[in-house]
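One structure below.
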Amino acid sequence: MDIETTEKTGPAERTEPTGQDGKDGQDGKDGGAARATTTGDRDGDRAGDRDGDLDGDRAGHLDGRHLSDEPDADLDADPDDDEAAPAGTDTGVGAGAAAVVSAALGAVALTGTWAGKVVSERETLVGQIKTSGSGTPTQQISEIYGDAWHSTALVNGVFALIALIVAVAVLVLPGRPTWVRAVAVAGAVLGGLGLLLSAGTYFDLFLSLPTAGS
């Protein structure tokens, strides 16, 4: 009887779990749940970061397109500026033309003009008419040659004076380009030199009239 009782109770004792084993199983379940929660949080953070980066990149591209589609501020010019630009351009062109004219007049004053030649020939003809009947050699030299030379010097001096005045006017006005001022300086120099030579020739300072006895 004792042997049978032991055999029946033996398997039952082996199947009953102990208290320590139950606690270990519960702790394992709790640890697995905690690890699963941590893994889920990390995956959620990574997904959120990726979504945030994609949204930021898309917003940046959209902003770039919007800015590139906007018209340039320099193209939106003020109508007043457009109206003022031709006026400044015309002034610059006028100043440049005046400077060139002054230089040309100064060169002409040094080399001689067609008007000076005509006046000289007229004075020569008038002198021949005056001294054709009775005129001394000194009078003939003065009337035929002297007056003609003086007339040529006077005409050249007028051209030189005009060149000098125009050049000085261009130089006095402010806001002129460099090349305009350079040409104006050349015109002033040529005009001043031509005026000096014309004055010396008119008053016989450089070359005096020859005398009849020479």
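Atom set for the values below is all heavy atoms of this structure, side chains included, hydrogens, waters and symmetry mates excluded.
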According to a hydrophobic-cluster definition based on side-chain heavy atoms being under 4.5 Å apart (Ile, Leu, Val, Met, Phe, Trp, Tyr only), do [X] and [Y] belong together?
X	Y	answer
V155	W114	no
V168	I162	no
W179	V170	yes
V189	L171	yes

Counting distance only, does the side-chain N/O of [X] pair as donor-acceptor with the main-chain N or O of [Y] below 3.5 Å?
X	Y	result
T111	A107	yes
T113	A109	no
S198	L195	no
S120	G116	no

Straight-line distance of [X] [atom1] to [Y] [atom2], nearest 0.5 Å:
X	Y	atom1	atom2	value
K117	N156	NZ	CG	13.0 Å
L154	T201	CG	OG1	11.5 Å
L110	L193	CG	CG	5.0 Å
L196	L164	CG	CG	11.5 Å

Does Y202 have any ring pair (Phe, Tyr, Trp, His ring centres under 6.0 Å) partners at least two apart in sequence or in another chain, and if so, which? H150
Of the non-hydrogen atoms in [X] and [Y], which two are nearest, and what is the gap between them?
X	Y	answer
I144	T124	O-OG1, 3.4 Å
S151	E123	OG-CG, 3.0 Å
L105	A163	CB-CB, 3.5 Å

Counting heavy atoms not belonging to F203, are there more than 12 under 6.0 Å from its CZ? no
Check side-chain contact (heavy atoms from CB on, under 4.5 Å) between S102 and all other residues, then give those that pass, not counting sequence neighbours. V166, A167
Any side chain to side chain donor-acceptor pair (under 3.5 Å) pairs touching residues 139-149, not counting sequence neighbours? none
Do T138 and T211 have side chains that approach each other closer than 4.5 Å (heavy atoms only, starting at C-beta)? no
